[in-house]
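The sequence lines fix the lettering, A, B, ..., with proteins before strands; numbering per chain opens at 1.
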Amino acid sequence: MQWITIFKKEILEDWRNYKWIWVPLVFIVICIMDPISTYYLPQILESVGGMPEGTVLEPPEVVPSQAIMMSLTELSMLGVLVIVAISMSVIAGERKSGVAELILVKPVSYFTYISAKWAEKLLLVFTSYLIGMLASWYYVDLLFGQITAGQFFSLFFFYLIWLIFVISLTIFYNTIVKVPGLVLTLTVVTIMAMSAINQIFSYRMPWFPNSISGHITKMLMENSVPNALWGAVSITIILSVGLLIASNFILKTKEMAD
Amino acid sequence: MAVIEVQNLIKAFKGDQVVKGLNFTLEKGKCVALLGPNGAGKTTTLRMLSGLLKPTDGSIHFEGATKGEDIRQYIGYLPQYPIFHPWMTGKEFLVYVGQLAHLSKKDAIEKADQLLEKVAIFEARNQRIGKYSGGMKQRLGIAQAMIHSPQLLMLDEPVSSLDPLGRREVLTLMEELKQQTTILFSTHILGDAEEISDDLLVMHHGEIVEAGSIESLRHKHQTAKFELAFQGDTTTYQERLKQLECIQETFLEKGEIHVIVEDIETARREILKEAIATDWPLVKFELSRTTLEDLFMKVVKN
């Protein structure tokens, strides 16, 4: 099965270049960084000094759901950047170096090639994200209070949809240009533009992909899944699938050599 | 029987035609050299045949393939500068591309071992490709092209970048592969083409300017020419040769008189008759055959 062959080769590649080790570690740091530093802020300020005599430092009033949302906020910045960085050369790199010239003269369908690579990056991101969020859950539970398993996993899966979109978008740009740095730039600019659009028109477009984390906050506060979240998640899934299909068509029109 | 039939194949980059309407067929079991100077369009042609580039116009028909079928399964291709995943070992790479060419894992491993043996890098099979030398990469490249026993093996400048030893090894290997499959390889070195190919396709400025077996091309382009050298002053004899009826043209080159004649038999008789009659101090009298080198230069210069 060609799909499995490529999928396994990608896993081996990311194993040999240590992505399977450093990406989960980076995700752990990204996820626990904010909740922990918020909790220890008074101690940190105290040890750094410079506060006037007699200042009473109290931990900020943070509820558990706010604390775990801090992880998502960091993920939507640094996490997204890491995801784009590890996926930016998945196809572009092979085309640029010339390996694609050997691979794509074999009878491999382009969709197999694209989707197997997409799936492997998804598995890597899923694993890292899961480990990172479990760590965050542990610390939030310890320092701020309880987050139920139900809350945690619904948050986890809804936000995962956004991360899948980020991977799909990166893969999409991989088929358009073959300079990894350019893939990174285009993807990040697109996400920033989408985020700006989301902020301006959020009232009119509650289903916009970038609004997912906002809806998740609401979900944690109200303890029920808002309809808009279902809408946003559906739209995001549709967009991701659309991007993959478009990638296939774009790659087909590209010439694999200059 | 033809393996591949190419009709009016054209490739233009931004309106600039690099390949201008090629027509040729490759016979099964033949080893064909695509010969031409740099920039003749050889690589572009091979890339179109392998499916890496899309022809601007024209058709490529593969024998036995139905219309719209993926012909990549019938083709093995080695690019001019093959690039591998440097983090993979030679064997891993072969098994990987073997599976991509629809071999089962077991078959791919078996075939990889056979080929590694054949291209003489079996010892280095578990080393990372990043550590391979240029010659080893070239041989690994040939192995990956052969992994699915293609009906047509296409090699783009397989020996041009190699040192004399590596070149010899790859040529010997190609000699062996000739027995198993049809080969089309490009080169700008005539000697390589002459050494292992049965047929030549000579390309220049995007067109095929000559095609045929090496023998037939030699025959076709052979001009009847004698080279004469004399003791003493050569020029006086040139004048006398010019007066012979059978001679078309004479010219001096490196102190030798070159005589272009119409018919070898008559000319030889006439010249020798004259030489004996007037007692020429001949030191050399030679019928020269044009080499393919001359042919190549002639074709390319026109």
note = Bottom line for Ile6(A): the part with an atom under 4.5 Å from chain B's heavy atoms is both
message = Please classify the contact between Glu94(A) and chain B as side chain, backbone, both or neither, with a heavy-atom cut-off of under 4.5 Å.
response =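 Looking at Glu94(A), just its side chain touches chain B.
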Which atom pair, heavy atoms only, marks the closest approach of [X] to [Y]?
X        : Y        : value
Met88(B) : Arg16(A) : CA-NH1, 4.1 Å
Phe84(B) : Val99(A) : O-CG2, 3.7 Å
Ser97(A) : Ile83(B) : O-CG1, 3.1 Å

remark   = Under a 4.5 Å heavy-atom criterion, the part of residues 94-108 of chain B in contact with chain A comprises Tyr96(B), Val97(B), Gln99(B), Leu100(B), Ala101(B), His102(B)
query = Among residues 138-153 of chain B, which ones touch chain A with a heavy-atom distance under 4.5 Å?
reply = Gln144(B), Ala145(B), Ile147(B), His148(B)
ask   = Looking at side-chain heavy atoms only, is the closest gap between Glu92(B) and Leu12(A) below 4.5 Å?
value = yes
Heavy atoms of other groups near Lys54(B) NZ, more than 12 under 6.0 Å =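 More than 12 heavy atoms, drawn from other residues, nucleotides or ligands, come within 6.0 Å of this atom.
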NZ/NE/NH1/NH2 to OD/OE distance under 4.0 Å, Arg47(B) and Glu255(A) =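 Salt bridge: no.
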inquiry  = Has Arg72(B) got a side-chain atom pairing as donor or acceptor with Val105(A)'s backbone, closer than 3.5 angstrom?
reply    = no
note = When the 4.5 angstrom heavy-atom criterion is applied to Phe93(B) and chain A, the contacting part is side chain
